[in-house]
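Worksheet: the structure to be examined is printed underneath.
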Amino acid sequence: MNAPLTMDRLVALARNRGFVYPGSDIYGGLANAWDYGPLGVELKNRIKQLWWQAFVQRSRLNVGVDCAILMNPRVWEASGHVSSFSDPLIDCRECRSRYRADQLIGDWNAEHDVVQAVDGWPNEALEAYIAGHEIACPKCGARDYTPIRHFNMMFRTYQGVTEDSAAEIYLRPETAQGIFVNFRNVQRSTRRKLPFGIAQIGKSFRNEITPGNFIFRTREFEQMELEFFCQPGTNPAWFDYWREFCYNFLLALGLPARDVRFRDHTPEELSFYSRATTDLEYLFPFGWGEVWGIADRTDYDLGRHIEHSRQDLSYFDPATNEKYIPYVVEPSLGADRAFLAVLAAAYDEETLADGETRTVLRFRPALAPVQIAVLPLSAKLSDEAAAVADLLSHDYSVEFDDRQAIGRRYRRQDEIGTPWCVTYDFDSREDHCVTVRDRDTMQQERIPIADLVAWFTGRFDFDMPVPALPTAAGAVEDGE
RNA sequence: GCAGGUGUAGUUCAAUGGUAGAACAUCAGCCUUCCAAGCUGACCACGUGGGUUCGAUUCCCAUCACCUGCUCCA
């Protein structure tokens with residue numbers, strides 16, 4: 001192997017080849033905003049399609065929705081985002097360090113063996129506590145703080161023409177709530193019995209204090225979420241099921257098993273609503289980072305919406321004649337993070353026999369933005385080669401390129417991860433065959449043009465092992 | 001938001017108080033015809049705004065943007 005991949009090189013390749021550009025580029029950019037280019041949108045779309053295929057089309061358990069980004073602000077009160085999706089920030093006037101007030105107190109308490117939870121305290125109480133206990137700045141020792149300011153991570157905007165608080169609404173910070181508020185609609189209109197899931201792909205917005213690492217953490221991002229509703233008590237079995245399902249999906253995307261790991265949240269770091277959470281992490285060039293969060297949310301979300309909307313969102317189970325609030329298992333994946341992981345995993349710099357290095361993106365064929373490149377050996381063969389490209393472009397995304405030397409064109413295709421190059425040469429006129437070059441081995445195979453379509457059939461398929469359905473506790477209804 | 005750093009072709013780097021040069025890349029032509037070949041040519045840059053100066057890409061100030069770190073990450 002060569003030197004480890006750095007983010008710099010990955011970003012450079014992404015820009016250079018048209019996967020991802022800096023947002024608002026000609027105006028000097030906008031921090032941490034990125035635009036997907038021609039190849040990037042293909043790759044991202046394929047990831048999303050494969051996810052949809054695995055979680056919705058091929059699954060008898062799940063259905064899909066596509067909900068509005070703008071929602072009634074009461075949704076975010078119910079979900080807890082208005083009150084707890086914000087942090088009480090406090091600055092030391094002396095050394096200008098910034099802290100979360102509750103953490104500052106928590107650390108001080110731990111150090112002085114004081115047991116005192118301050119979660120949910122109002123600002124005044126936090127400020128009073130800090131002042132009363134003479135908690136000093138851990139960095140410089142000063143006790144001169146600014147007042148607490150709240151930083152809510154939801155983007156705010158106004159609906160309608162007046163900018164008063166009555167018209168203030170939020171851009172959704174997660175796609176999940178659109179699913180929860182539609183639980184009853186979907187359950188009724190599709191006549192679903194539990195267990196079943198509702199999937200959604202869509203943009204979410206969070207005003208992160210510290211975005212960074214290319215497209216890993218941005219303020220606008222795309223989520224692929226499943227909310228899986230099940231009978232209370234069956235949730236641990238379903239949690240395990242989706243855990244394994246998601247892991248299999250990541251490996252099927254081409255992430256090597258050695259670079260993927262589970263990380264269970266410790267009790268302290270668990271969100272207040274969650275019984276258990278596991279992250280699936282990938283070893284990015286900058287270190288391990290969360291790609292997928294799988295959370296057992298119990299009945300928290302539906303319960304909150306029942307409380308706030310005063311609508312009955314409980315489920316009547318005809319099998320047991322019981323009425324209950326479904327429990328929810330939520331596997332939630334970042335599309336942009338999946339994209340970054342796939343790109344990083346595919347990136348390879350290979351040293352050839354002649355000492356030259358070759359940059360190759362070793363995408364799984366099902367993910368490759370360009371599936372087949374058709375290249376005439378010489379520009380004199382362009383017309384005949386173009387006919388071959390037309391033949392294939394009916395079924396595949398094909399790039400035709402007749403410029404410059406053939407070797408250079410192969411390398412260009414390697415660098416964007418095209419799995420196969422079809423080359424029309426001077427013999428092709430006589431024998432009506434072309435060569436098919438394999439991206440990874442660089443080996444060529446001579447194939448009759450008439451057999452080309454058949455030769456490619458099945459080579460772009462996507463397969464992943466699906467775990468056995470949980471059988472415990474009557475978890476699965478068969479024969480849907 | 002704070003601290004530090006950086007701004008010159010698409011990229012990586014030069015030089016200079018008298019408005020910039022190369023390599024690679026890109027494009028075109030010739031040649032070649034299976035793995036980034038060669039030759040010729042073309043295109044393309046001093047982030048923005050002030051100040052000092054006869055003259056600023058160069059010095060000063062401001063601003064903007066980006067990078068790194070910290071706080072944060074449902």
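None of the values given here were measured: they were computed from a predicted structure. Naming convention: chains lettered A, B, ... in sequence-line order (proteins, then strands); numbering from 1 in each chain.
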Touch class at under 4.0 angstrom, heavy-atom based, for Arg437(A) against every strand present: base
Touch class at under 4.0 angstrom, heavy-atom based, for Gln444(A) against every strand present: base
Arg297(A) side chain near A74(B) phosphate (N/O to OP1/OP2, under 4.0 Å): no
Toward the 5' end of RNA chain B, by each residue's nearest nucleotide, Thr423(A) or Glu290(A): Thr423(A)
Which nucleotide in A28(B), C35(B), U33(B) has an atom nearest any side-chain atom of Met442(A): C35(B)
SB check Glu399(A) Arg412(A) (cutoff 4.0 Å): no
Pair partner, A45(B) [Watson-Crick or wobble, under 3.5 Å]: none
Euclidean distance for P, U68(B) against U12(B) (whole angstrom): 14 Å
Sugar-phosphate, base or nothing in reach of Arg358(A), heavy atoms under 4.0 Å: nothing
Length of the line joining Tyr21(A):OH and U11(B):C1', which is rounded to integer Å: 15 Å
Rounded distance in Å - CE (Met7(A)) to C1' (C67(B)): 13 Å
Nearest-Å distance once atom C1' is located in both C46(B) and C13(B): 14 Å
Integer-rounded Å distance: G10(B) P and Asn16(A) CG: 12 Å
Integer angstrom distance from the C1' of C59(B) to that of G1(B): 32 Å
Sugar-phosphate only, base, or nothing, as touched by Ile406(A) at under 4.0 Å among non-hydrogen atoms: sugar-phosphate
N or O in side chain of Arg409(A) less than 4.0 angstrom from A36(B) OP1/OP2: no
Nearest-nucleotide comparison on RNA chain B, the residue closer to the 5′ end among Arg412(A) and Gln223(A): Arg412(A)
G-U wobble or Watson-Crick pairing nucleotide for C39(B) (cut-off 3.5 Å, both distances): G29(B)
Atom C1', compared across A23(B) and U6(B): separation rounded to whole Å: 23 Å
Any donor-acceptor pair under 3.5 Å from Asp279(A) side chain to Glu281(A) backbone: no
From A36(B), U11(B), C34(B), nucleotide with atom closest to Arg15(A) side chain: U11(B)
Residue-phosphate contact under 4.0 Å: Arg408(A) side-chain N/O, A36(B) OP1/OP2: no
Separation of atom CG in Asp438(A) from atom P in C34(B), rounded to whole Å: 20 Å
Parallel, tilted or perpendicular, as decided by the 30° and 60° cut-offs, for the rings of Phe228(A) and Trp238(A): tilted
Identified pairing partner of G21(B), criterion: Watson-Crick or G-U wobble below 3.5 Å: C13(B)
Sugar-phosphate, base or nothing in reach of Ser332(A), heavy atoms under 4.0 Å: nothing
Nearest-neighbour nucleotide for the Lys380(A) side chain, U33(B), C27(B), C35(B) considered: U33(B)
Salt bridge flag under 4.0 Å for residues Asp336(A) and Lys44(A): yes
C1' gap between C44(B) and A9(B), integer Å: 5 Å
Closest to the Phe426(A) side chain, choosing from A74(B), U33(B), C35(B): U33(B)
Neighbour count >12 (heavy atoms, 6.0 Å) for atom CZ, Arg459(A): yes
Side chain of Glu174(A) (C-beta onward), nearest among U33(B), A74(B), A36(B): A74(B)
Distance, rounded to the nearest Å, where Tyr410(A) contributes OH and U33(B) contributes C1': 11 Å
Distance below 4.0 Å between Gln404(A) side-chain N/O and C27(B) OP1 or OP2: yes
Rounded P spacing from A56(B) to G18(B) in Å: 11 Å
Separation of A36(B) C1' from Leu13(A) CG (nearest whole Å): 15 Å
Candidate nucleotides A74(B), U33(B), A36(B), ranked by approach to the side chain of His81(A) - the nearest: A74(B)
Spacing of Asp8(A) atom CG relative to U12(B) atom C1', expressed in whole Å: 13 Å
Mutual orientation of the aromatic rings belonging to Phe55(A) and Phe249(A) [parallel < 30°, tilted 30-60°, perpendicular > 60°]: perpendicular
Touch class at under 4.0 angstrom, heavy-atom based, for Glu415(A) against every strand present: base
P atoms of A42(B) and C24(B), separation to the nearest Å: 16 Å
Rounded distance in Å - CG (Asp401(A)) to P (C35(B)): 17 Å
Touch class at under 4.0 angstrom, heavy-atom based, for Asp425(A) against every strand present: base
Residue matched to U58(B) through Watson-Crick or wobble contacts both under 3.5 angstrom: none
Nearest-Å distance once atom P is located in both A20(B) and G4(B): 35 Å
NZ/NE/NH1/NH2 to OD/OE distance under 4.0 Å, Arg408(A) and Asp401(A): no
Centroid-centroid under 6.0 Å between Phe216(A) and Phe214(A) rings: no
Residue matched to A65(B) through Watson-Crick or wobble contacts both under 3.5 angstrom: U6(B)
